[in-house]
Undergrad: 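Right, I'll just put the structure down here and ask away after.
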Amino acid sequence: HVQLVESGGGLVQPGGSLRLSCAIDNTVNRHGNRYIAWFRQASGSEREGVAAIDSDGRTTYAESVKGQFTITKDNAKNTLYLQMMNLKPEDTAMYYCAADPAVWQNSLGRSEYRFWGQGTQVTVS
């Protein structure tokens with residue numbers, strides 16, 4: 001299996017910044033994960049894709065966060081990051097990282113990912 005552990009969430013004022021991390025234990029997955037991504041789920045809302053990055057470093061962002069969030073990865077550390085800038089109250093959500101060896105259609109599609117972390121809460125207030 002693949003284990004993912006998010007960290008870095010917390011309470012931040014509007015306009016502030018936060019950096020989330022996702023440690024990925026991929027030692028038992030011999031095929032690796034072509035796609036890793038961040039999702040978020042606000043209370044009472046559907047989980048939605050925020051940003052994804054593939055094995056070639058290509059990134060995909062939800063329109064709502066373009067220019068505001070940046071997804072990066074450190075392959076040597078097996079760590080995924082989400083740098084969040086100029087945070088707004090509407091960014092408040094539980095943030096999850098996810099991974100999958102491949103996607104069929106949509107790198108921000110929830111159903112494309114089979115491995116998930118437990119989430120880290122981000123509250124902008």
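These numbers come from the heavy atoms of this one structure, side chains and all, not from hydrogens, waters or symmetry mates.
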Undergrad: Work out which heavy atom in L80 is nearest to a heavy atom in C97; give both atom names and the distance.
TA: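 The pair with the smallest heavy-atom distance is CD2-CB, 4.1 Å.
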Undergrad: In this structure, would Y35 and I24 fall into the same cluster of hydrophobic residues linked by side-chain contacts under 4.5 Å?
TA: no
Undergrad: Grab the two heavy atoms, one from G8 and one from L18, that are nearest each other, plus how far apart they are.
TA: O-CG, 3.5 Å
Undergrad: Is a side-chain donor or acceptor of T92 paired with a backbone partner of T123 at a separation under 3.5 angstrom?
TA: no
Undergrad: Which heavy-atom pair separates L4 from A99 by the least distance, and what is that distance?
TA: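 Closest pair (atom of L4, atom of A99, distance): CD2-CB, 3.9 Å.
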Undergrad: If we check side-chain hydrogen bond (donor to acceptor under 3.5 Å, both in side chains) with Q41, which of these qualifies: R110, R47, E46?
TA: R47
Undergrad: Can you give me the closest heavy-atom contact between A52 and A37, atom names plus distance?
TA: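 What the structure gives for the nearest pair is CB-CB, 3.7 Å.
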Undergrad: Quick check: does any side chain N or O of K77 sit under 3.5 Å from a backbone N or O of A23, one acting as donor and the other as acceptor?
TA: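 Pair absent, no side-chain N/O of K77 close to backbone of A23.
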Undergrad: If only atom types and distance count, is the side chain of E112 paired as donor or acceptor with the main-chain N or O of N106 below 3.5 Å?
TA: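 Side chain of E112 to backbone of N106, a donor-acceptor pair under 3.5 Å: yes, one is there.
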Undergrad: Would the number of heavy atoms belonging to other residues, nucleotides or ligands and lying under 6.0 Å from CD of Q121 be above 12?
TA: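 Correct, the count exceeds 12.
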Undergrad: Counting heavy atoms not belonging to E90, are there more than 12 under 6.0 Å from its CD?
TA: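 More than 12 heavy atoms, drawn from other residues, nucleotides or ligands, come within 6.0 Å of this atom.
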Undergrad: Supply the atom-to-atom distance S111 OG to D100 CG, rounded to the nearest 0.5 angstrom.
TA: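 Answer rounded to 0.5 Å: 10.0 Å.
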Undergrad: Determine yes or no for a side-chain-to-main-chain donor-acceptor pair under 3.5 angstrom, with D74 supplying the side chain and A76 the backbone.
TA: yes
Undergrad: Do Y113 and S107 have side chains that approach each other closer than 4.5 Å (heavy atoms only, starting at C-beta)?
TA: yes
Undergrad: Answer yes or no: is there a side-chain heavy-atom contact under 4.5 Å between R34 and D56?
TA: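 Yes, side chains in contact.
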Undergrad: I'd like to know if Y61 and V50 are part of one continuous hydrophobic network [Ile/Leu/Val/Met/Phe/Trp/Tyr, side-chain heavy atoms within less than 4.5 Å].
TA: yes
Undergrad: Are L82 and I53 in one and the same hydrophobic cluster, where Ile, Leu, Val, Met, Phe, Trp and Tyr link if side-chain heavy atoms are under 4.5 Å apart?
TA: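 Hydrophobic grouping puts L82 with I53.
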Undergrad: Work out which heavy atom in P101 is nearest to a heavy atom in R114; give both atom names and the distance.
TA: CD-NE, 3.8 Å
Undergrad: Sort out for me which residue in W116, Y96, F115, Y95 forms a ring pair (Phe, Tyr, Trp, His ring centres under 6.0 Å) with F39.
TA: W116
Undergrad: Under the side-chain hydrogen bond (donor to acceptor under 3.5 Å, both in side chains) definition, can you give me all pairs with a residue in residues 7-22, not counting sequence neighbours?
TA: R19-Q83
Undergrad: Would you check, one step at a time, whether the test side-chain contact (heavy atoms from CB on, under 4.5 Å) holds for M94 with R40?
TA: CA-CA 5 Å; M94 185 73 74; R40 67 184 179 186; over 6 Å; no
Undergrad: Minimum heavy-atom separation for I71 and I36, please, with both atom names.
TA: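 Nearest heavy atoms, I71 then I36: CD1-O, 4.1 Å.
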Undergrad: Under a single-linkage definition using a 4.5 Å side-chain heavy-atom cutoff for Ile, Leu, Val, Met, Phe, Trp and Tyr, are W38 and L108 assigned to the same hydrophobic cluster?
TA: no
Undergrad: Tell me, with the steps shown, if M84 and V122 meet side-chain contact (heavy atoms from CB on, under 4.5 Å).
TA: CA-CA 10 Å; M84 304 184 293; V122 172; 3.8 Å; yes
